[in-house]
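Just so we're on the same page: letters track the sequence lines, and every chain starts at 1.
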There are 2 protein chains.
Amino acid sequence: METRELAYFAAVAEELHIGRAAARLGMAQPPLSRAIQKLERRLGVRLLERSSRGVTLTPAGEVLAREAAKVLDAVAAATARTRRAGRADPRLVVALKPGGDGGLLPDILAAYPAHPDAVEVELVLCGVAERARLVRAGTADVAFLHSPYEDLTGFGSEPLVSEGSVAVVPAGHPLAGRERVRLADLDAGPVPRWPRDHSEITDPAALLQLVALGRLVVVAPESAGELVRRDLVCVPVADGPPTTVVLAWPEEARSRALAAFVRTAAAVAKGHGDADR
Amino acid sequence: METRELAYFAAVAEELHIGRAAARLGMAQPPLSRAIQKLERRLGVRLLERSSRGVTLTPAGEVLAREAAKVLDAVAAATARTRRAGRADPRLVVALKPGGDGGLLPDILAAYPAHPDAVEVELVLCGVAERARLVRAGTADVAFLHSPYEDLTGFGSEPLVSEGSVAVVPAGHPLAGRERVRLADLDAGPVPRWPRDHSEITDPAALLQLVALGRLVVVAPESAGELVRRDLVCVPVADGPPTTVVLAWPEEARSRALAAFVRTAAAVAKGHGDADR
DNA sequence: CGTCTCCATACCGTCAGGGTATGGGCCGCG
DNA sequence: CGCGGCCCATACCCTGACGGTATGGAGACG
């Protein structure tokens, strides 16, 4: 099975329409039809149920769609990792979202170069959903993720720091002066609470704008509270979900530079934890 | 990058000799040379260091060799899983080595069909190293593995039962009559102890033959002791490593039939544990 | 019942990939 | 020091796989 065929099938499985899939692949419809038929013949399995309204996946087709996605991911990762390994200067690419490092990154970056296996560190700031994807795709070596909000399957990981939650409210909000609040206090008001409600919004600026307008209350990890606008106030949430900042890398990674980074980060986190006590 | 090219590169990376790799691939040397060059051009990276004695891998080549193996595994798994999903009768393929089920399998097989998501179960009896490979390759859906002896990375897993170790010795052995022994007792004798020594031997019959000849002492999980020949004796090892029989499946598996099997197995294991108390 | 939509088939051209022949560098040996 | 052998690269040719265009046929819908 060639990757080209798998990419074809993946497109068809997404579009459920051979013509549209062909257009997306930049090719004509007949060769795509034939390519899928050929796949079916070679596998000895029907993958598509054809009708005059489009196509649907058979159970085997569903399986192949999932497997094909994995293969294509692996191929993309192979390309990216090989390219990066071929660059003259070895680098460690670290993906994080702004404020997503639990405040540890400055100390980590300061301590890391002292390690004998250390290499240049490149930081990639990206959105929430991007980070895990970059690591899976081989574009980044390691990412700061938030457990349990993000899926760690397929990653090796090292928990760094745990922290509580704060509620972000406008400065004039009735709860703004409180020492701490409970989730029930937030829900007593008329305003929806993110991420329970409207979790489809992921842009921080947009979220905070809604908070400033009094249309939303946001519950977020403490460290994210450092980044909010001056017209907003953070109040600790007593029963808020605890969040752990974890370092995550591809499970099979064997790079010494990466291992050194993880160990440095763990040591720095331990130091911070001790200092907090 | 096509899978064909990755297979080519994988062969070259293993042989470190383009001519031999070509022979193994059933093709002539020049097209293989060109295929690798093309890969290098497309990736913009040198993969091989050529000399008149053969080739060696550059660092980028090492990376690609690992990544290519992963891709090829994923492709093989995709083929196997799709083919199996296309078969008329859905089946759950369970891989285990003889005696590797901790004695739970009969009860699991008895209880499983009652579950609404249950399907036919096919058992594949195989060697020690085979089991994990079969699951990774998509030939089996789930395997009984022994933790911590086997690598569970990339697998979802459910621990079933833990058990102690026994030493397997000939009937006439000085320790054969003891109630229990310690590892130090075994090492006091002149005979090497498996798996610490000679762990390259994996065939059970061969191992037991060596035990019978007084050339080896084997430390194994209790349940494996059921299977030894009548001329051998099992003595509990007080400080032997505890072994856990775990059920392992591909992390991303989503089949209902598999989930039902795992849940049934966990329930049966819990029942056994209670009964033991 | 006509028409539209969508997939399959027929037929054709092109180029990628594989084969054979041969060249060129490096090493080892006489 | 020169010769031969080993191994990879280049040159050249050919086949067939893959993609394109044209068209057929089956089901859905008005």
Side-chain angles (χ1 to χ4, degrees), chain A residues 1-62 64-65 68 71-72 75 79 86, chain B residues 1-62 64-65 68 71-72 75 79 86:
Chain A
M1 250 184 335
E2 292 305 309
T3 53
R4 182 178 40 77
E5 304 177 282
L6 291 175
Y8 287 0
F9 185 73
V12 172
E14 257 187 69
E15 298 283 348
L16 295 178
H17 188 292
I18 299 189
R20 276 198 300 274
R24 204 173 89 180
L25 293 164
M27 67 190 291
Q29 169 261 316
L32 181 55
S33 271
R34 279 177 311 191
I36 304 292
Q37 290 174 48
K38 194 168 177 178
L39 243 184
E40 289 181 315
R41 273 201 307 278
R42 266 216 304 278
L43 290 170
V45 162
R46 258 194 119 48
L47 299 170
L48 300 179
E49 218 62 73
R50 279 94 164 156
S51 83
S52 65
R53 324 235 343 123
V55 298
T56 57
L57 297 177
T58 63
E62 304 263 8
L64 185 59
V71 171
L72 296 174
V75 169
T79 310
Chain B
M1 250 183 333
E2 293 304 308
T3 54
R4 182 179 39 78
E5 303 178 284
L6 291 174
Y8 287 0
F9 184 74
V12 172
E14 256 186 69
E15 298 284 348
L16 294 178
H17 188 294
I18 299 189
R20 276 198 301 274
R24 205 173 87 180
L25 293 165
M27 65 191 290
Q29 170 261 318
L32 181 55
S33 272
R34 280 177 312 190
I36 304 291
Q37 290 174 49
K38 194 167 175 179
L39 242 184
E40 289 180 316
R41 272 201 309 276
R42 266 216 304 279
L43 290 170
V45 162
R46 259 196 117 47
L47 299 169
L48 300 180
E49 219 60 75
R50 279 94 165 157
S51 84
S52 67
R53 325 242 333 128
V55 297
T56 57
L57 296 177
T58 64
E62 304 263 9
L64 185 58
V71 170
L72 296 174
V75 169
T79 309

Rounded to the nearest Å, what distance is computed from the [atom1] atom of residue [X] to the [atom2] atom of nucleotide [N]?
X: B/Leu32; N: D/dT10; atom1: CG; atom2: C1'; answer: 15 Å
X: A/Ile36; N: D/dG19; atom1: CD1; atom2: P; answer: 11 Å
X: B/Leu57; N: D/dC8; atom1: CG; atom2: P; answer: 13 Å
X: B/Arg41; N: C/dA16; atom1: CZ; atom2: P; answer: 11 Å
X: B/Glu49; N: C/dC26; atom1: CD; atom2: P; answer: 13 Å
X: B/Glu2; N: C/dC15; atom1: CD; atom2: C1'; answer: 15 Å
X: A/Glu40; N: C/dC7; atom1: CD; atom2: P; answer: 13 Å

Contact pattern, 5' to 3', of nucleotides 22-30 of chain D - B, S or - by protein heavy atom under 4.0 Å: B----BSS-
Indicate the atoms forming the closest heavy-atom contact of [X] with [Y], along with that distance.
X: A/Leu25; Y: A/Ala7; answer: CD2-O, 4.4 Å
X: B/Arg50; Y: B/Ile36; answer: NH2-CG2, 4.3 Å
X: B/Tyr8; Y: B/Ala35; answer: CD2-CB, 3.7 Å
X: B/Leu39; Y: B/Leu64; answer: CD1-CD2, 4.3 Å
X: B/Leu32; Y: B/Ala22; answer: CD2-N, 3.4 Å
X: B/Leu72; Y: B/Ala10; answer: CD1-CB, 4.0 Å

Which pairs, protein N/O on one side and nucleotides 12-16 of chain D N/O on the other, fall under 3.5 Å?
residue, atom, partner, partner atom, Å
D/dC12, N4, B/Arg34, NH1, 3.0

B/Thr58: which residues meet the side-chain hydrogen bond (donor to acceptor under 3.5 Å, both in side chains) condition with it, sequence neighbours left out?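 B/Thr58 satisfies side-chain hydrogen bond (donor to acceptor under 3.5 Å, both in side chains) with no other residue.
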Suppose we screen for side-chain hydrogen bond (donor to acceptor under 3.5 Å, both in side chains). Which residues come up paired with A/Thr79, at least two apart in sequence or across chains?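 For A/Thr79 there are no side-chain hydrogen bond (donor to acceptor under 3.5 Å, both in side chains) partners, ignoring immediate neighbours.
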Report all side-chain donor-acceptor pairs from residues 42-49 of chain A shorter than 3.5 Å, counting only partners two or more places apart or in another chain.
residue, atom, partner, partner atom, Å
A/Arg42, NH2, A/Glu5, OE1, 2.5
A/Arg42, NH2, A/Glu5, OE2, 2.6

Considering only side-chain heavy atoms of B/Pro31, which listed nucleotide, D/dC8, C/dG19, C/dC7, is closest?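 My answer, after comparing the listed nucleotides, is C/dG19.
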Specify the residues of residues 4-23 of chain B, ordered by number, for which at least one heavy atom lies under 4.0 angstrom from an atom of DNA chain C.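 Residues of residues 4-23 of chain B under 4.0 Å from DNA chain C: B/Arg4, B/Tyr8.
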Judged by atom type as modelled, is there a donor-acceptor pair below 3.5 Å linking the side chain of B/Gln29 to the main-chain atoms of B/Ile18?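 No, because the side chain of B/Gln29 does not come within donor-acceptor range (under 3.5 Å) of the backbone of B/Ile18.
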Closer than 4.0 Å, any side-chain N/O of A/Lys38 to the OP1 or OP2 of D/dC18?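 For A/Lys38, the contact criterion (side-chain N or O under 4.0 Å from OP1 or OP2 of D/dC18) is met.
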Please tell me if A/Gln37 has a side-chain N or O lying less than 4.0 Å from either OP1 or OP2 of C/dC7.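 No, no such contact exists.
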Using a 4.5 Å cut-off on heavy atoms from C-beta on, say whether the side chain of B/Leu16 contacts that of B/Leu57.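 In short, these two side chains touch, coming nearer than 4.5 Å.
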